[in-house]
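Contents: one structure, followed by commentary.
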Amino acid sequence: MFGSSTRDVPEVRNVPRHIAVIMDGNGRWAKKRFLPRVAGHKKGLDAVRETVTACKELGVEYLTLFAFSTENWRRPQDEVSFLMDLFIRALEHEVNKLHSNNIRLKVLGSRERFSAELAERIQAAEDKTAGNDGLVLSIAADYGGRWDVLNAVNELIADGASAITEDMLAQRLSTSWAPEPDLFIRTGGEQRISNFLLWQLAYSELYFTDLLWPDFDRQALEQAIDSYRSRERRFGRTSEQLPEALRRN
Ligand code: FPP
């Protein structure tokens, strides 16, 4: 089990061990080009590929991408259908590549509202890549931070727990097998968390860029990591308490 940022002080590394991303701006990217919104999602998949490759090469261990939130079901039905279809096609075409690159795929969120085909493909992709020990790529789909916490609490209640500790809760979250994100990136210019990993982002460094997701590339990722490196991660301590190598001020 990985330590909690509020109970232990995590190790600070030069390259973030876990990066979590809100991939925003696909619709606006398409609109600027007089294309339908879905063309932006399609192009967004290219940015996903480039980011996964760059993370693997840079030595990032966990990459978690927010692909579809519990609130995204509110979008127009044809856009929702397109996205579901894109997930199916992406699983169909990319899983072998992920597998041959030793990448483990995980999907976070509720699967109850997915079609049987999508749910089956997700399960098959997770099973196929389960033994890989390289980068862990997690796709959050029908995921919400509140859903995650409530789901954990309800599981604990069902198991008869009466008082819940941080560790008990963390062990039931959908990311229980991962360290908390070191770096959170949101593209598209908005500066909010939008019900992503609410519990897990407690001490993550937040990075916002105006770049629209389809324009996000390796250079943009490196810029985000450079910004991360310039941060002083104190986890509640004073600057003076930090080892010299970690002081930034
Ligand atoms: C946000 O942009 C993006 C989404 C809700 C969907 C993300 C999906 C992808 C990047 C495609 C493929 C991913 C996988 C993992 C198969 P937006 O539509 O909110 O853009 P806007 O804010 O400009 O309208």
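Read the numbers this way: they start at 1 and go in the same order the structure lists the ligands and their atoms. It should be emphasised that the depicted structure is a prediction, and the values quoted were computed from it without experimental measurement.
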Quick test of your reading of the model: are [X] and [Y] salt-bridged, counting only N-O distances below 4.0 Å?
X    : Y    : answer
R111 : E126 : yes
E222 : R218 : yes
E71  : R74  : no

Which protein non-hydrogen atom lies closest to [atom], naming both residue and atom, and how far is it?
atom                    : value
atom 16 (C) of ligand 1 : F87 CD2, 3.4 Å
atom 9 (C) of ligand 1  : N26 ND2, 3.7 Å
atom 6 (C) of ligand 1  : A67 O, 3.3 Å

Using a 4.0 Å heavy-atom threshold (strictly under), name the region of [X] that reaches ligand 1: side chain, backbone, both or neither.
X    : answer
I139 : side chain
K32  : neither
W29  : neither

Subject >> Pair E57-T53, side-chain donor/acceptor within less than 3.5 Å >> reply: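 No, because no side-chain N or O of E57 sits under 3.5 Å from a partner of the opposite role on T53.
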
Report all side-chain donor-acceptor pairs from residues 38-46 shorter than 3.5 Å, counting only partners two or more places apart or in another chain.
residue: H41; atom: ND1; partner: N26; partner atom: ND2; Å: 3.0
residue: H41; atom: NE2; partner: E79; partner atom: OE2; Å: 2.8
residue: D46; atom: OD1; partner: R49; partner atom: NH1; Å: 2.6

Which atoms of ligand 1 have any heavy atom of [X] under 4.0 Å away?
X    : answer
M23  : 1 (C), 2 (O), 3 (C), 10 (C)
R37  : 17 (P), 18 (O), 24 (O)
R75  : 5 (C), 17 (P), 18 (O), 19 (O)
L86  : 11 (C), 12 (C)
R28  : 21 (P), 22 (O), 23 (O)
W213 : 10 (C)

**OP:** Over all heavy atoms of both residues, which pair between F196 and L65 is shortest? Give the atoms and the distance, please.
**Re:**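 In terms of heavy atoms, the two residues are closest at CZ-C, 4.4 Å.
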
**OP:** Go through the structure and list residues passing side-chain hydrogen bond (donor to acceptor under 3.5 Å, both in side chains) with S5, not counting sequence neighbours.
**Re:**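 E180.
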
Subject >> Of Y143, F114, W73, the residue whose pairing with F68 passes ring pair (Phe, Tyr, Trp, His ring centres under 6.0 Å) >> reply: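 The option that passes is W73.
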
**OP:** Would you kindly check if the NZ (Lys) or CZ (Arg) of R33 is within the cone defined by 45 degrees around the ring axis of W29 and under 6.0 Å from the six-membered ring centre?
**Re:**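 Positive - R33 is close enough to the ring of W29 and near enough to its axis.
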
**OP:** Decide whether the shortest distance between a heavy atom of F68 and an atom of ligand 1 is less than 4.0 Å.
**Re:**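 Judged by the 4.0 Å heavy-atom criterion, F68 does not count as contacting ligand 1.
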
Original post:
So is G25 close enough to ligand 1, meaning a heavy atom under 4.0 angstrom away?
Top reply: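 So G25 counts as touching ligand 1.
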
**OP:** Please indicate whether any nitrogen or oxygen in N72 is less than 3.5 Å from any nitrogen or oxygen in ligand 1.
**Re:**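 No: no nitrogen or oxygen of N72 is under 3.5 Å from one in ligand 1.
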
**OP:** Give a yes or no on this: more than 12 heavy atoms of other residues, nucleotides or ligands lie within 6.0 Å of atom CD of Q241.
**Re:**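 Yes - once you tally the heavy atoms of other residues, nucleotides and ligands closer than 6.0 Å, there are more than 12.
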
